[in-house]
Amino acid sequence: MISANLSAVFYLISGVLFILALRGLSSPETSRQGNFFGILGMIIAITVTFLSIGNFSSGFVYVLFFLLIGGLIGAFIAYKIPMTAMPELVAGFHSLVGLAAVFVAISAFLNPEAFNLGFPGEIKLGSLIEMSIGAAVGAITFSGSIIAFLKLQGIMSGSPITFKGQHPLNALILISIIVVTYLLCSTQSSNLFWILLAISFLIGFLLIIPIGGADMPVVISMLNSYSGWAAAGIGFTLENTALIITGALVGSSGAILSYIMCKGMNRSFFNVILGGFGATEQSLSSQNKEQKPVKSGNAEDAAFLMKNASSVIIVPGYGMAVAQAQHALREMVDTLKKNDIKVSYAIHPVAGRMPGHMNVLLAEANVPYDEVFELEEINNDFANADVAFVIGANDVTNPVAKTDPQSPIYGMPVLDVEKCKSVLFVKRSLSPGYAGIDNDLFYKENTLMLFADAKKMTEDITKNL
Amino acid sequence: MEIDPFIFRLSIFILSIFIGYYVVWSVTPSLHTPLMSVTNAISSVIIVGAIIAGLAGNYENIFNISSIFGFLAISLAAINIFGGFLVTQRMLAMYKKKKGKK
């Protein structure tokens with residue numbers, strides 16, 4: 001048994017280690033050390049909790065048992081999961097944090113003595129408020145992440161689900177959450193506690209269903225942020241510094257990522273959250289579809305163009321992830337490099353289904369990270385490059401975002417792919433991208449469309465080089 | 001008059017938000033996915049609350065409702081802790097520099 005003061009100091013230390021863990025991610029060289037700090041902080045926090053309770057008799061074995069079960073499942077998932085499935089994994093993990101916060105809040109509500117918060121029916125007011133906030137945000141995180149997970153996994157359709165009166169209904173539920181929390185705090189009724197949880201689960205579900213598949217980078221970041229605020233709410237209840245610090249870190253981290261993602265699409269946060277994007281425009285574009293001439297080619301043409309180039313820029317997108325083409329792509333690039341062709345990669349902030357998704361996939365395929373560039377770093381280089389190889393990306397290259405104020409994606413930062421001498425576009429068909437708008441790039445004089453599966457096409461090109 | 005301990009916790013909270021703000025802006029965009037998985041792992045420090053709940057039962061009654069929720073929360077958080085840190089480790093191990101260039 002260690003004193004409350006000493007354990008508070010240790011919790012502070014683990015909080016600081018968590019800060020260092022995030023700090024390490026400022027560059028790939030320091031990142032592994034940062035992860036180590038995070039693990040160390042976690043070990044300290046858990047050990048101190050055991051020592052401060054000092055009760056190693058009755059429940060201890062069970063605690064270890066459940067810890068090990070969870071740990072084994074987690075480790076198994078971590079080793080098995082393919083890198084292309086990272087968005088689903090992260091969404092799934094968010095839901096678990098949310099649910100854990102809900103469970104901790106429930107046990108604190110049912111057994112407040114164990115947490116020093118008073119007695120059932122007479123919980124300290126401050127603690128009850130903190131607990132309710134933690135539980136409500138946790139429940140929203142849980143059900144929201146489940147929907148995000150189902151959409152990413154393809155179990156649920158990625159298209160937005162909207163219905164009449166959706167926004168007034170959501171507003172009504174949000175208001176009732178506040179009312180119920182107020183009533184709960186004044187009456188301490190356990191029925192109200194369960195009602196609060198139920199409507200929070202419901203609103204989490206309703207908030208995410210109208211958001212479409214390609215807005216997932218924002219949704220995932222937002223849920224990341226929520227899971228942080230839920231943890232912070234519980235941290236206040238438990239008067240635990242490590243949890244408060246972590247909750248604040250994670251909460252602001254998720255908020256910043258959502259901001260970066262929204263900026264990458266030139267849309268306001270509220271525009272994304274209110275959802276329904278892409279549902280209306282889709283019908284419009286199918287109406288005025290006219291036959292425009294398109295130049296299509298095969299692997300030999302593409303190989304010929306690239307062989308005669310001196311520099312090539314590769315623009316990967318979600319389609320590369322779907323086709324698992326990252327390894328084939330790197331093999332193609334290796335062959336190009338043997339022919340003394342300069343190759344770099346251009347990554348749009350919202351390429352893929354989560355922030356940094358493409359970078360991880362390229363890293364998995366052994367692409368050195370110093371050949372991979374962000375939009376601002378590389379956008380001026382397109383004008384000097386010979387070939388742009390667009391693989392699985394679409395909307396993020398659409399020049400319409402710069403020229404047509406009527407377009408729904410107008411103002412979105414795009415990669416200036418059209419400035420290259422020639423553009424190779426690997427795509428399965430001419431269908432418009434997620435935003436539902438035609439890409440002018442398809443019909444440009446210097447564009448060669450390669451209609452095929454991304455992986456197969458890349459392999460064929462390599463054979464022809 | 002004494003200051004309520006809540007105010008101290010609130011101060012820690014607010015200052016940590018600012019630390020988080022500056023630290024996260026310095027994270028390189030190429031590591032945003034590991035950032036998400038590691039924040040996932042560290043927010044599972046909520047396990048400390050779950051452990052308190054799980055150990056709250058007495059001899060006669062280890063599995064009361066409150067501690068059962070605690071045990072479940074321990075497993076959920078443990079999945080996240082192990083899964084989150086290990087998958088981050090796995091990802092970070094893949095980020096390599098160009099060979100021969102220092």
Side-chain angles (χ1 to χ4, degrees), chain A residues 18 22-23 25-26 28 31-32 35 38-39 45 49 53 55 58-59 63 66-67 69-71 73-75 77-78 86 90 93 96-97 99-101 103-104 106-107 110-111 114 224 227-228 231 234 238 242-246 248-250 252-253 256 355-356 359-360 363-364 368-370 374, chain B residues 6 9 12-13 16-17 19-21 23-24 26-33 35-40 42-46 48-51 53-57 59 62 65-66 69-83 85-89 91-92 94-98:
Chain A
F18 291 150
L22 298 195
R23 176 71 199 150
L25 290 172
S26 57
S31 61
R32 270 152 279 197
N35 200 40
I39 295 171
T49 310
I53 299 173
N55 169 6
S58 51
V63 170
F66 282 97
L67 189 88
I69 288 193
I73 298 173
I77 297 173
M86 277 318 289
V90 169
F93 277 173
L96 297 185
V97 178
L99 196 60
F103 284 174
V104 172
I106 292 176
S107 36
L110 295 174
N111 187 5
N224 186 243
S227 68
I234 302 295
L238 305 179
L243 206 39
I244 294 176
I245 295 177
T246 315
L249 290 178
V250 178
S252 52
S253 156
I256 292 171
N359 303 79
V360 170
E364 187 199 8
Y369 62 82
D370 41 9
E374 304 299 316
Chain B
F6 171 78
R9 288 192 282 276
I12 295 173
F13 181 63
S16 304
I17 291 178
I19 294 174
Y21 180 84
V23 169
V24 171
S26 73
V27 171
T28 161
S30 67
L31 291 175
H32 276 163
T33 297
L35 171 69
M36 298 203 100
S37 60
V38 86
T39 51
N40 232 316
I42 64 172
S43 56
S44 302
V45 73
I46 201 158
V48 300
I51 293 173
L55 287 178
Y59 283 105
I62 291 172
I65 301 181
S66 165
F69 275 112
F71 288 133
L72 291 177
I74 289 174
S75 283
L76 294 177
I79 294 178
N80 250 341
I81 293 172
F82 282 74
F85 280 126
L86 288 174
V87 89
T88 310
Q89 190 95 341
M91 275 191 277
L92 294 177
M94 299 184 311
Y95 281 82
K96 290 184 198 90
K97 258 195 165 169
K98 219 180 294 185

Greatest number of heavy atom pairs closer than 4.5 Å to chain A - which of B:Ile12, B:Ile42, B:Ile19: B:Ile42
Which of A:Ala231, A:Ser31, A:Gly74 touches chain B most, by non-hydrogen pairs under 4.5 Å: A:Gly74
B:Met36 to A:Asn224 - nearest heavy-atom pair and separation: CE-CB, 3.7 Å
Closest-packed option against chain A by number of heavy-atom pairs under 4.5 Å, given B:Ser75, B:Ser37, B:Ala50: B:Ser75
Heavy-atom pair count under 4.5 Å with chain A, highest-scoring of B:Asn40, B:Ile74, B:Leu31: B:Asn40
Gap between atom CD1 of A:Ile53 and atom CG of B:Leu55 - 0.5 Å precision: 4.5 Å
Qualifying residues under ring pair (Phe, Tyr, Trp, His ring centres under 6.0 Å), relative to A:Tyr369, sequence neighbours excluded: none
All ring pair (Phe, Tyr, Trp, His ring centres under 6.0 Å) counterparts of B:Phe82, not counting sequence neighbours: none
Distance-minimising heavy-atom pair for A:Ile256 and B:Gly20: CD1-O, 4.3 Å
A:Ile106 portion near chain B, given a 4.5 angstrom heavy-atom threshold: side chain
Where B:Val45 and A:Ala45 come nearest, the two heavy atoms and their spacing: CG2-CB, 3.7 Å
A:Glu364, part contacting chain B, at a heavy-atom distance under 4.5 Å: both
B:Thr28 vs A:Leu25 side-chain heavy atoms within contact, under 4.5 Å: no
Closest non-hydrogen atom pair, A:Gly356 against B:His32: N-CB, 4.0 Å
Among B:Tyr95, B:Phe6, B:Tyr21, residue most engaged with chain A (heavy-atom pairs, under 4.5 Å): B:Tyr95
Closest non-hydrogen atom pair between A:Leu238 and B:Gly49, with its separation: CD1-CA, 3.3 Å
Closest non-hydrogen atom pair between A:Asn35 and B:Gln89, with its separation: ND2-OE1, 2.6 Å
A:Ser26, part contacting chain B, at a heavy-atom distance under 4.5 Å: both
Option in A:Thr49, A:Leu110, A:Leu249 with maximal non-hydrogen atom pairs under 4.5 Å from chain B: A:Thr49
Portion of B:Ile51 that has a non-hydrogen atom of chain A nearer than 4.5 angstrom: both
Pairwise distance CE(B:Met91) to CG(A:Asn359) - rounded to 0.5 angstrom: 11.5 Å
Atom group of A:Ile244 that falls short of 4.5 Å from chain B, counting heavy atoms: both
Top contributor to chain B interface from A:Val360, A:Leu99, A:Ile69 [non-hydrogen pairs under 4.5 Å]: A:Val360
Point-to-point distance, once rounded to the nearest 0.5 Å, from CZ of A:Phe66 to CG of B:Leu76: 10.5 Å
